[in-house]
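A short worksheet on the structure shown next.
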Amino acid sequence: MSDSGPGGRHLSIGDVLAELHNEFDDITISKIRFLESQGLIAPERTPSGYRKFAPTDVERLRWILAQQRDHFLPLKVIKDRLDELDESQLSLDDLDEMRRPARQAAVEAFFETARSGSPWDDGGELASASGSGGVAVGGVAAVLRDATGISLTRAELAAAAGLDEHQMAELESYGLIEPNHGGSERPLFDEAALVIAQSAGRFMQFGIEARHLRMYKAFAERELNLFEQVVTPMRRPNNPDAGTRADATRDELVQLGQRLRAGLLHHAAHRD
């Protein structure tokens, strides 16, 4: 460590890891570097290129990690809020105070809808019913669908979906849910796993077990393979716009597939 003047002492990346590890047991040096690469933190560098974290950098990092762990916020939303903080010269405490009511209402609305058994409407879109504080769940879920969205431990996922350990193990054994990141000692699951687990739990209440649900996974994979045949030729190396258009086309095809399946299933169920 080295002196950093009146503001305290600078810490190396290893020192930061040691300081935060007890509070955030999934933190790694790679994760700290990733957060820096995404522009969420900006530690100083020594002339030889080593990172130097001031006390304010450590507090900023602690806040980011807490938003992910406690409020399931994706990095994009966290970065937007930090940008707002930097522009308005607010403190982290001020930002928390401003955001707490809306953030809490949004998360509660999402999980309440998930627990209700109907997070999706008939068209394959996330339900837009409002939860506590008038926050639309559709808007919340649009945020939570971010690739760096919510992260749940196995116990948190089971509790949110109303599953026991045996049911969770069954879903994992058939590949219906799987952790998207985290080490083997603390695997983490995203919002897609929550929707799958919650839906599977409802099926189980009707006696339909995890092994019966494997067909949905097979259908989804075959459907995605079909869509990829359409969008892959649209992608061009070194052309971000082409990639964006391809992703948008794939997402539109996914929505069309959801609507078509819903229509066909409804027709088959009500056919004379």
Side-chain angles (χ1 to χ4, degrees), residues 1-46 49-108 110-111 140 143-157 159-160 179-191 194:
M1 294 187 295
S2 60
D3 291 335
S4 61
R9 300 176 67 84
H10 279 126
L11 303 178
S12 70
I13 193 169
D15 294 328
V16 173
L17 181 65
E19 179 168 329
L20 297 180
H21 188 266
N22 287 340
E23 187 176 353
F24 304 97
D25 58 6
D26 62 338
I27 189 173
T28 63
I29 286 179
S30 295
K31 184 169 187 177
I32 296 173
R33 289 172 176 164
F34 174 75
L35 293 173
E36 180 184 4
S37 73
Q38 299 301 302
L40 281 86
I41 56 175
E44 295 181 43
R45 297 275 185 153
T46 67
Y50 290 103
R51 295 171 179 82
K52 299 195 308 179
F53 291 81
T56 53
D57 295 322
V58 178
E59 286 308 305
R60 187 180 178 104
L61 179 56
R62 178 180 280 110
W63 185 86
I64 292 167
L65 296 172
Q67 301 311 299
Q68 289 185 295
R69 183 194 63 191
D70 300 337
H71 305 297
F72 315 120
L73 293 183
L75 290 184
K76 182 179 184 302
V77 174
I78 293 174
K79 187 175 189 305
D80 288 344
R81 293 180 180 178
L82 286 172
D83 288 344
E84 176 185 351
L85 178 149
D86 294 336
E87 291 175 4
S88 58
Q89 297 183 337
L90 294 170
S91 70
L92 291 173
D93 289 341
D94 289 337
L95 185 62
D96 272 344
E97 192 62 32
M98 290 172 56
R99 293 293 187 179
R100 185 174 292 110
R103 180 178 62 229
Q104 187 64 28
V107 173
E108 289 177 358
F110 175 76
F111 281 104
V140 177
V143 172
L144 297 182
R145 279 200 305 266
D146 191 277
T148 54
I150 65 173
S151 294
L152 303 174
T153 65
R154 181 178 281 102
E156 290 168 340
L157 176 60
N180 65 329
H181 60 283
S184 58
E185 295 182 359
R186 191 174 184 269
L188 299 175
F189 298 83
D190 61 13
E191 67 280 359
L194 173 60

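Atom set for the values below is all heavy atoms of this structure, side chains included, hydrogens, waters and symmetry mates excluded. What you see is a predicted model, and the numbers here were worked out from it, not measured in a lab.
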Evaluate Leu11 against Asp57 for side chain to side chain contact (heavy atoms under 4.5 Å, CB included), listing each step before the verdict.
CA-CA 9 Å; Leu11 303 178; Asp57 295 322; over 6 Å; no
Between [X] and [Y], is any pair of side-chain heavy atoms under 4.5 Å apart?
X: Phe24; Y: Leu61; value: no
X: Glu59; Y: Trp63; value: no
X: Leu188; Y: Thr153; value: yes
X: Glu44; Y: His10; value: yes

Please walk me through it: do Arg45 and Glu36 pass salt bridge (charged side-chain N to carboxylate O under 4.0 Å, His left out)?
CA-CA 12 Å; Arg45 297 275 185 153; Glu36 180 184 4; 3.3 Å; yes
Could you go through Gln38 and Lys79, starting from their C-alpha distance and side-chain angles, then the distance that decides it, and tell me whether this counts as side chain to side chain contact (heavy atoms under 4.5 Å, CB included)?
CA-CA 8 Å; Gln38 299 301 302; Lys79 187 175 189 305; 5.6 Å; no
Minimum heavy-atom distance between Phe189 and Leu157, given as atom pair plus value
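Heavy atoms of Phe189 and Leu157 come nearest at CG-CD2, 3.6 Å.
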Using the salt bridge (charged side-chain N to carboxylate O under 4.0 Å, His left out) rule, take Arg69 and Asp26 through it: C-alpha gap first, then chi angles, then the decisive distance, then the call.
CA-CA 10 Å; Arg69 183 194 63 191; Asp26 62 338; over 6 Å; no
Any donor-acceptor pair under 3.5 Å from Asp80 side chain to Val77 backbone
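The answer is no, because no donor-acceptor pair under 3.5 Å joins these two groups.
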Can you tell me how far [atom2] of [Y] sits from [atom1] of [X], rounded to the nearest 0.5 angstrom?
X: Arg81; Y: Leu40; atom1: CZ; atom2: CG; answer: 12.5 Å
X: Ile27; Y: Leu17; atom1: CD1; atom2: CG; answer: 6.0 Å
X: Leu82; Y: Ile41; atom1: CG; atom2: CD1; answer: 10.5 Å
X: Ser12; Y: Arg51; atom1: OG; atom2: CZ; answer: 11.0 Å
X: Gln67; Y: Leu65; atom1: CD; atom2: CG; answer: 10.0 Å

